[in-house]
Amino acid sequence: MSAPVKNTLLFVLVAAMIAISGFMQSWNTALLVINMGLISAIMAIGVNLQWGFAGLFNVGVMGFVALGGLAVVLVSMPPVTEAWAEGGLGVILGLLLGAATVVAAVLVHKRLPKGRTRGLAMLAILIGGFFVFRAVFDPGVAAVEAVNPAGTGYLGGLGLPVLLAWPAGGALAAGAAWLIGKTALGLRSDYLAIATLGIAEIIIAVMKNEDWLARGVKNVNGLPRPLPYEIDLQNDPGFVERVTGLGLDPVTASTLYVKLGYSVLFLVVLLVILWMAQMALKSPWGRMMRAIRDNEVAAEAMGKDVTRRHLQVFVLGSAICGIAGAMMTTLDGQLTPGTYQPLRFTFLVWVMVIVGGSGNNFGAVLGAMLIWFLWVQVEPIGLWLMQLITSGMAEGSALKNHLLDSAAHMRLLTMGVILLLVLRFSPRGLIPEK
Amino acid sequence: MDLLNAIVALSNFVLVPAIAYGSQLALGALGVTLIYGILRFSNFAHGDTMAFGAMVTILFTWWFQSMGVTFGPLPTALLALPFGILGCMALVLVTDRLVYRFYREQKAKPVILVIVSMGVMFIMNGLVRFIIGPNDQRFADGERFIISARDFKAMTGLREGLAIKTTQGITVVTAVIVVALLFWFLNRTRTGKSMRAYSDNEDLALLSGINPERVVMYTWLIVAALATVAGVLYGLDKSFKPFVYFQLLLPIFASAIVGGLGSPVGAIAGGFVIAFSEVTITYAWKKVLGYLAPEGLAPDGLVQLLSTDYKFAVSFVILLIVLLFKPTGLFKGKSV
């Protein structure tokens with residue numbers, strides 16, 4: 001069987017599995033799987049760009065995804081004018097002062113000759129700057145958070161259309177990635193892993209605690225949607241007439257319509273990004289990246305600036321993760337910083353890339369759809385399995401209850417087993433790199 | 001008097017908790033650093049190994065408690081600890097045999113091993129959640145305090161109290177014993193010496209007839225013991241929650257890297273550096289400064305540099321600073 005046939009078959013297989021779940025469970029579930037699968041596919045392309053093309057080990061995917069979600073709030077929610085009037089100036093000024101402190105310290109580090117003077121000057125700037133920053137920033141934050149804390153208590157966004165938030169999410173993630181890459185790239189590969197792991201935790205901590213930014217753990221609900229609300233569709237006589245003509249129940253039809261709409265939107269974004277990633281892979285730039293990945297020393301000897309190229313691809317990949325994060329938050333309709341878990345948003349995406357085939361964009365997409373499908377379906381399957389195992393046990397026995405309760409945790413176990421099996425027996429993944 | 005009060009308040013809220021936390025981090029970082037030195041990869045599953053060892057210990061603790069076996073004023077968990085260590089040793093040896101050995105024989109790149117350890121992390125995390133569930137478990141019993149704040153106040157007549165929890169005392173004592181044993185083992189015994197030789201120069205060690213599989217096995221056994229002790233002490237001191245152990249990965253790695261990966265002394269120093277900076281930077285200094293500052297100059301605010309939710313940020317920033325200015329860590333570690 002030639003490679004293209006095999007790959008097509010693999011995609012058809014995944015599609016068939018989703019279709020079966022559509023027939024067996026419900027089309028709503030199937031569409032949910034497809035939507036999150038498409039978003040996961042975009043994340044996987046981002047990680048594949050970093051790991052598959054360039055060999056960068058980024059385990060901070062969660063942070064960039066969360067930044068994308070933050071962008072949705074910052075772009076699409078209406079501004080809270082009262083909060084801006086009360087403390088907006090203080091917050092912005094405080095942030096600018098904080099940034100100025102860091103820039104000043106970096107400048108001192110670059111300009112002054114090495115020695116004790118430089119160290120002391122940097123220390124003085126950083127400590128002084130920190131206290132000035134807190135003095136300006138804290139009252140501003142207090143003022144903002146005091147404005148209607150139950151309803152808003154934050155600065156709000158720009159009130160722009162929500163679709164604009166997707167590229168904005170990418171830009172926000174790219175900016176953060178640039179900062180991280182500037183400091184952490186050029187270090188050893190394990191160190192980059194630890195650095196990105198840490199930065200992701202910090203981004204989540206900031207989003208959880210800085211209530212003035214996006215209400216922290218109080219969540220921002222009711223984000224604007226690019227598609228109509230189900231309830232509006234059900235009240236729209238034209239829509240009801242059309243779907244009843246097709247023999248469908250208006251309530252079911254409206255949810256399916258909205259979900260399908262999201263699927264189309266996500267598919268368009270995925271195809272654009274996939275096309276760009278394919279073009280990049282085939283271009284001289286892509287060949288250079290793989291040359292750097294395979295042998296950094298040789299690439300450097302050929303005059304390639306390895307650190308700069310690494311920074312470039314790190315920023316690009318993170319931006320893609322940011323876009324996916326913004327899309328996910330749009331789909332959810334709310335930003336809930338408490339739900340970002342590294343196992344789900346960082347390590348699961350890694351499983352997708354490795355299983356699909358690192359270095360191959362189609363592999364990343366396939367892996368994402370497949371793993372996401374399994375992630376959703378393992379729970380019902382696990383529960384069914386547990387019921388089968390425990391069916392012989394006495395009703396109400398402690399072991400039986402425990403096993404049934406634990407079925408929900410089969411997911412992590414399954415993902416770990418899949419990852420290890422693929423790494424062991426098919427380390428190049430389902431669709432290997434050419 | 002004010003000075004004494006300030007010192008007591010400082011010890012109560014900063015020194016004692018930081019020493020206990022530092023010992024826990026140091027034990028965790030020792031495990032990471034040993035794996036790094038001898039197996040040459042960053043083990044992402046370490047936090048979950050700790051959780052697994054602690055879980056086995058908790059299960060035995062419950063069993064002992066249900067049989068009415070206690071350890072007097074000390075927590076029963078100390079009796080169960082050896083069984084926890086054995087359980088954890090069994091798990092890591094099986095993992096090594098089934099998973100890591102294959103890649104070792106292939107001489108896979110370190111980064112591949114890191115990804116493999118990610119898979120192991122998933123499995124261990126799933127196992128722990130599967131067996132004991134994702135919720136908080138408390139298993140500390142026995143006396144709660146070595147000295148409680150009220151007794152201390154009555155004893156000294158100071159306005160500030162100093163409370164030392166039993167778990168904090170046990171943590172420090174156990175950590176000292178474990179570290180002393182470890183260093184004795186590494187420096188005095190034949191196996192320990194062969195481990196250090198293998199870590200310094202693999203080829204030379206092989207030439208001198210050191211059996212690598214034996215070295216690796218001993219490393220895993222020691223790491224399992226260290227991880228279980230660290231996990232149990234942390235669980236006794238705070239509480240046991242699987243997800244928290246995963247999050248401990250960051251401060252533990254920060255400790256190991258700050259001290260210099262591959263250097264046991266560095267891991268201990270790094271643990272205390274990270275713990276002390278986390279606690280001091282997130283502590284509200286109002287009370288201490290209130291005693292020290294002259295009349296009328298006492299601060300109004302909490303004088304807290306960062307909110308406690310940012311303690312991860314502290315370990316991370318220290319990590320970054322060390323990496324930027326001294327990439328091999330405070331004590332010369334290795335860079336593979």
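Naming convention: chains lettered A, B, ... in sequence-line order (proteins, then strands); numbering from 1 in each chain.
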Discussion item. Tell me whether the rings of A:Phe137 and A:Phe133 are parallel (<30°), tilted (30 to 60°) or perpendicular (>60°).
Written reply: parallel
For chain A, find which of [options] contributes the most heavy-atom pairs closer than 4.5 angstrom.
options	answer
B:Tyr103, B:Tyr310, B:Phe246, B:Phe44	B:Tyr310
B:Phe41, B:Phe312, B:Phe243, B:Phe102	B:Phe102
B:Ile115, B:Leu319, B:Ile112, B:Leu98	B:Ile115

Worksheet item: Which residues from residues 248-256 of chain B are near chain A, with near meaning under 4.5 Å between non-hydrogen atoms?
Response: B:Leu249, B:Leu250, B:Phe253
Which atoms of [X] come close to chain B, meaning under 4.5 Å heavy atom to heavy atom: side chain ones, backbone ones, both, or neither?
X	result
A:Leu419	side chain
A:Val206	both
A:Phe347	both

Worksheet item: Is there a donor-acceptor pair closer than 3.5 Å between any side-chain N or O of A:Trp375 and the backbone N or O of A:Leu412?
Response: no
Worksheet item: Are the side chain of B:Thr33 and the backbone N or O of B:Ala267 linked by a donor-acceptor pair below 3.5 Å?
Response: no
Worksheet item: Would A:Arg134 and A:Asp138 pass as an ion pair if we require N to O under 4.0 Å?
Response: yes
Discussion item. Check this for me: does any side-chain nitrogen of one of A:Arg428 and A:Glu433 sit under 4.0 Å from a carboxylate oxygen of the other?
Written reply: no
Can you tell me which portion of [X] sits under 4.5 Å from chain A's heavy atoms? Options are side chain, backbone, both or neither.
X	result
B:Gln106	neither
B:Met124	neither
B:Ile131	backbone

Fill in: Near-ring test A:Trp350/A:Phe57, centroid separation under 6.0 angstrom
yes
Practice prompt. Go through the steps to decide whether B:Tyr100 and B:Val116 satisfy the test side chain to side chain contact (heavy atoms under 4.5 Å, CB included), and finish with yes or no.
Written response: CA-CA 8 Å; B:Tyr100 292 121; B:Val116 170; 3.9 Å; yes
Practice prompt. Let me see the working for B:Ile318 and B:Val258 under side chain to side chain contact (heavy atoms under 4.5 Å, CB included), right down to the final yes or no.
Written response: CA-CA 8 Å; B:Ile318 296 171; B:Val258 164; 4.0 Å; yes
Worksheet item: What closest approach, in Å, do A:Ile354 and A:Val422 show between heavy atoms, and which atom pair accounts for it?
Response: O-CG1, 3.9 Å
Discussion item. Which heavy atom of B:Phe316 sits nearest to which heavy atom of A:Ala195, and what is that distance?
Written reply: CE1-O, 3.1 Å
Worksheet item: In terms of heavy-atom pairs under 4.5 Å, which option from A:Gly55, A:Pro427, A:Ala205, A:Ala184 contacts chain B the most?
Response: A:Ala205
Discussion item. Please identify, among A:Met415, A:Met410, A:His109, the residue contributing the most non-hydrogen atom pairs under 4.5 Å to chain B.
Written reply: A:His109
Fill in: Steps toward side chain to side chain contact (heavy atoms under 4.5 Å, CB included) verdict (B:Leu39, B:Leu113)
CA-CA 9 Å; B:Leu39 288 121; B:Leu113 275 163; over 6 Å; no
